[in-house]
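Here the structure is a predicted model, which means the values were calculated and not measured. Both counts, for ligands and for their atoms, begin at 1 and track the order of listing.
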Amino acid sequence: MNFNFTEEQLMIQQTARDFALSEIAPSAVERDIKAEFPYEIVKKLGELGFMGMMVSPEYGGAGLDTISYVLAMIEISKVDASVGVIMSVNNSLVCYGLEKYGSDYIKEKYLTPLAKGEKLGAFALSEPEAGSDATKQKTTADKDGDFYILNGIKNWITNGINADYYLVMATTDKEKGHKGISTFVVEKGTEGFGQGAKEDKLGIRSSDTCSLTFENCKVPKENLVWEEGKGFNFAMNTLNGGRIGIAAQAIGIAEASLEASIKYSKTRKAFGSTISNFQAIQFKLADMAVKVDAAKLLTLKAAALKDAGQSYAKEAAMAKLYSSKIAVECALEAIQIHGGYGYVREYLVERYLRDAKITEIYEGTSEIQRIIIARALLDQK
Ligand code: CAA
């Protein structure tokens, strides 16, 4: 087993770190307060190759491995988890699936601009009555000549307002249950496509989330991804990779919490000493450091399995389950170490807690991750 990163992986990590500190950090607090989308930052991430990191250069991507993606996601999310999720959805939920399952036409027309960061993607699986129970899709797609006609509602769509292209799961054959679900690329502006109001969220406020509506939305048949009836498998397979991305996002938040706590504890004085000299604080820092490292090991293992072409669904679920849990724990401890200062915006750690919570919910709640892990352990499909 080799714990050393390659030179290329270290270079990507450094580039992401430098970019995050110089270009993302200065506006992070204000964008959080105003719930403002980071347009310029996303454009620059695209120019750096960070919006299609694992896509092959043939389709405009950076051709990197999943380990590099994890390292970059950690650095970006450490500074601003909102930017992290925008990047993660485009990379793992949209580009990955289109490269793996899309036709040449789809790869040329949609994947290439998405991977270059010229266009932004979103992934529309959840519905008002199909969240964790994702097989219960009510959105329909009826074949009509050279088109599919989509009708239904999608909920909680990250990049929902600002995306250009949407991967939409819809039922082409109700009789077949989840084996009758298909995936389509829908362009913003298609007649019958509508967007709900931007959600006013607790955290990751500078990423946008909204519902989508489809009212007799006419989608060309060429925009079917993979084949009819494969949409649920498509969603599950892409979500496995997405969970690695969200685990990395959570690690970024946890690591930021730890670093802020170390820094603060070395300057804050109480009872005649800096608080870093007290075991009550030292034990908290030590526990946080162990958690961050354990989360990294789980996440890098899942990434390494994916890169090696081995199955990684269980490992990705473990990585997301654990990393999201410790992100919340570390953010809470960071607030405790900061005392009253931790409860106000100036010291950032209150945002880390608000941002951390969603990692236990989206791309499969912690309860769903446990189901996936337990089924794999018990060999139940
Ligand atoms: N990887 C690959 N395939 C999987 C899978 C996984 N992790 N989990 C399930 N599947 C496959 C099964 O093998 C099965 O395939 P076949 O029919 O071809 O054999 C199929 O999916 C159905 O699975 P089950 O019979 O086990 O169905 P179930 O209803 O008992 O359980 C579930 C399914 C695992 C709970 C699934 O519904 C699930 O993952 N739910 C969570 C959905 C989710 O993560 N939503 C997040 C939406 S994206 C988001 O958060 C928004 C955003 O913008 C960030």
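- Between Leu93 and Leu239, the closest side-chain pair of non-hydrogen atoms falls below 4.5 Å.
- For ligand 1 and Asn237, the ligand atoms under 4.0 Å from any heavy atom of the residue are 2 (C), 3 (N).
- Side-chain contact between Tyr312 and Ile244: present, with at least one pair of heavy atoms (C-beta onward) separated by less than 4.5 Å.
- Against a heavy-atom cut-off of under 4.0 Å, Asn233 is close to the following atoms of ligand 1: 15 (O), 16 (P), 18 (O).
- To the nearest 0.5 angstrom, Leu111 atom CG is 8.0 Å from Tyr59 atom OH.
- Here's the thing with Tyr362: none of its N/O atoms is less than 3.5 angstrom from an N/O atom of ligand 1.
- Using a 4.0 Å cut-off to heavy atoms of Arg375, the atoms of ligand 1 that qualify are 24 (P), 26 (O), 28 (P), 30 (O), 31 (O).
- In terms of polar-atom proximity, defined here as any N/O pair under 3.5 Å, Ser126 makes no such contact with ligand 1.
- Exactly one residue among Phe184, Tyr148, Phe147 makes a side-chain contact (heavy atoms from CB on, under 4.5 Å) with Lys221. That residue is Tyr148.
- Side-chain atoms of Val219 and Phe193, non-hydrogen and from C-beta on, never get closer than 4.5 Å to each other.
- Of all atoms in ligand 1, numbered sequentially from 1 with element shown, those under 4.0 Å from a heavy atom of Trp156 are 51 (C), 53 (O).
- Between Arg243 and ligand 1, an N or O atom pair is found at a separation short of 3.5 Å.
- Within the 4.5 Å cutoff, no side-chain heavy atoms of Phe234 are placed close to those of Lys100.
- Nearest to atom 52 (C) of ligand 1 by heavy-atom distance, out of Ile373, Thr158, Leu93, is Thr158.
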Q.
Could you go through Ser92 and Tyr69, starting from their C-alpha distance and side-chain angles, then the distance that decides it, and tell me whether this counts as side-chain hydrogen bond (donor to acceptor under 3.5 Å, both in side chains)?
A. CA-CA 10 Å; Ser92 337; Tyr69 169 59; 2.5 Å; yes
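- Remark: ligand 1 atoms within the under-4.0 Å shell around heavy atoms of His178 are 16 (P), 17 (O), 20 (C), 22 (C).
- For ligand 1, the atoms lying closer than 4.0 Å to a non-hydrogen atom of Asn240 are 1 (N), 2 (C), 6 (C), 7 (N).
- Under the 4.0 angstrom criterion for non-hydrogen atoms, Thr135 is in contact with ligand 1.
- Comparing heavy-atom distances from atom 4 (C) of ligand 1 across Met236, Met169, Gln137 singles out Met236 as nearest.
- Remark: ligand 1 and Phe232 share no N or O pair separated by less than 3.5 Å (distance only, no angle test).
- Set against the non-hydrogen atoms of Ser132, the atoms of ligand 1 under 4.0 Å away are 35 (C), 37 (O), 38 (C), 40 (N), 41 (C).
- Residues Phe50 and Asn91 are not in side-chain contact: their nearest non-hydrogen atoms beyond the backbone lie 4.5 Å or more apart.
- Between Lys179, Glu363, Lys314, Gln369, it is Lys179 that holds the heavy atom closest to atom 16 (P) of ligand 1.
- Note on ring orientation: taking the six-membered ring where Trp is involved, the planes of Tyr264 and Tyr341 are tilted (angle from 30° to 60°).
- Counting heavy atoms from C-beta on, the side chains of Asn237 and Tyr101 come closer than 4.5 Å.
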